[in-house]
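Side chains are part of it too, since the values below use all heavy atoms of this structure and drop only hydrogens, waters and symmetry mates.
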Amino acid sequence: VIFWGKAAAMSREKAALVAAIDKCLDQKDSTCQVVATCYQEIPSARSGVIRVGEMQEVMVSCARSLGLPPRFFTSNELIFESFDLNGNGMIEEDEAKRIIWKLLQQKRQEVAGRRPMKVPFSSVVAQGYSVVKELGRGGQGTMYLCTKRSWFRTSK
């Protein structure tokens with residue numbers, strides 16, 4: 001019984017972590033703004049770049065701000081080398097954003113596999129179009145001439 005309780009607690013913790021990661025990945029602009037804010041908290045960032053060691057501070061601050069565990073963004077020097085786009089040995093703000101984004105994606109895959117694709121579905125009618133006529137058919141589908149209903153409303 002104790003084992004089952006621990007497993008259930010781990011499962012809840014894992015689900016909460018996955019939800020937090022997915023939230024960060026779903027809200028890219030917001031996540032990038034958090035990274036920018038954490039980056040700018042580093043005193044040397046005023047010069048436009050920070051040292052690799054300071055990037056660890058940015059990662060801890062980002063994890064805290066994003067609601068992730070403090071050591072969520074554990075990394076080694078190799079990740080920094082692959083994102084040092086201009087080869088100057090320093091991390092610029094855009095490079096920091098790319099590092100955090102890639103680490104979020106990697107950690108999501110490690111913890112719970114790839115994210116399911118979100119493909120929005122909507123019908124022609126639901127989007128406010130009406131089908132005028134069929135234009136042609138082929139092996140890959142059918143082409144229709146449609147009009148947006150609201151474009152042709154006449155006022156009474």
Locate the shortest heavy-atom distance separating [X] from [Y]; write the atom from each residue and the value.
X: Val35; Y: Cys62; result: CA-SG, 3.7 Å
X: Gly67; Y: Ala20; result: O-CB, 4.2 Å
X: Leu17; Y: Pro69; result: CD1-CD, 3.7 Å
X: Pro70; Y: Ala63; result: O-CB, 3.9 Å
X: Ser47; Y: Ser44; result: OG-O, 2.7 Å
X: Ala96; Y: Ile91; result: N-CG2, 3.8 Å

Within 45° cone and under 6.0 Å: Lys102 NZ/CZ vs Phe83 ring: no

[atom1] of [X] to [atom2] of [Y]: how many Å apart, nearest 0.5 Å?
X: Cys146; Y: Gln127; atom1: SG; atom2: CD; value: 11.5 Å
X: Lys133; Y: Thr147; atom1: NZ; atom2: OG1; value: 12.5 Å
X: Cys24; Y: Leu68; atom1: SG; atom2: CG; value: 5.0 Å
X: Ile100; Y: Thr31; atom1: CD1; atom2: OG1; value: 10.0 Å

By salt bridge (charged side-chain N to carboxylate O under 4.0 Å, His left out), which residues pair with [X], not counting sequence neighbours?
X: Glu95; answer: none
X: Arg114; answer: none
X: Asp22; answer: Arg108, Arg115
X: Glu93; answer: Lys97

Do [X] and [Y] belong together in a cluster built from hydrophobic side chains that touch within less than 4.5 Å?
X: Val132; Y: Met143; value: yes
X: Met55; Y: Ile42; value: yes
X: Leu25; Y: Ile99; value: yes
X: Leu104; Y: Val60; value: no

Selection residues 60-70 - residue pairs positive for salt bridge (charged side-chain N to carboxylate O under 4.0 Å, His left out), sequence neighbours left out: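 For residues 60-70: none.
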
Flag, side chain of Lys148 to backbone of Gly128, donor-acceptor distance under 3.5 Å: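 Pair absent, no side-chain N/O of Lys148 close to backbone of Gly128.
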
Qualifying residues under side chain to side chain contact (heavy atoms under 4.5 Å, CB included), relative to Val125, sequence neighbours excluded: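 Checked Val125 against side chain to side chain contact (heavy atoms under 4.5 Å, CB included); matches are Ser123, Arg149.
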
Worked check of side-chain contact (heavy atoms from CB on, under 4.5 Å) between Phe73 and Val58: CA-CA 10 Å; Phe73 294 113; Val58 171; over 6 Å; no

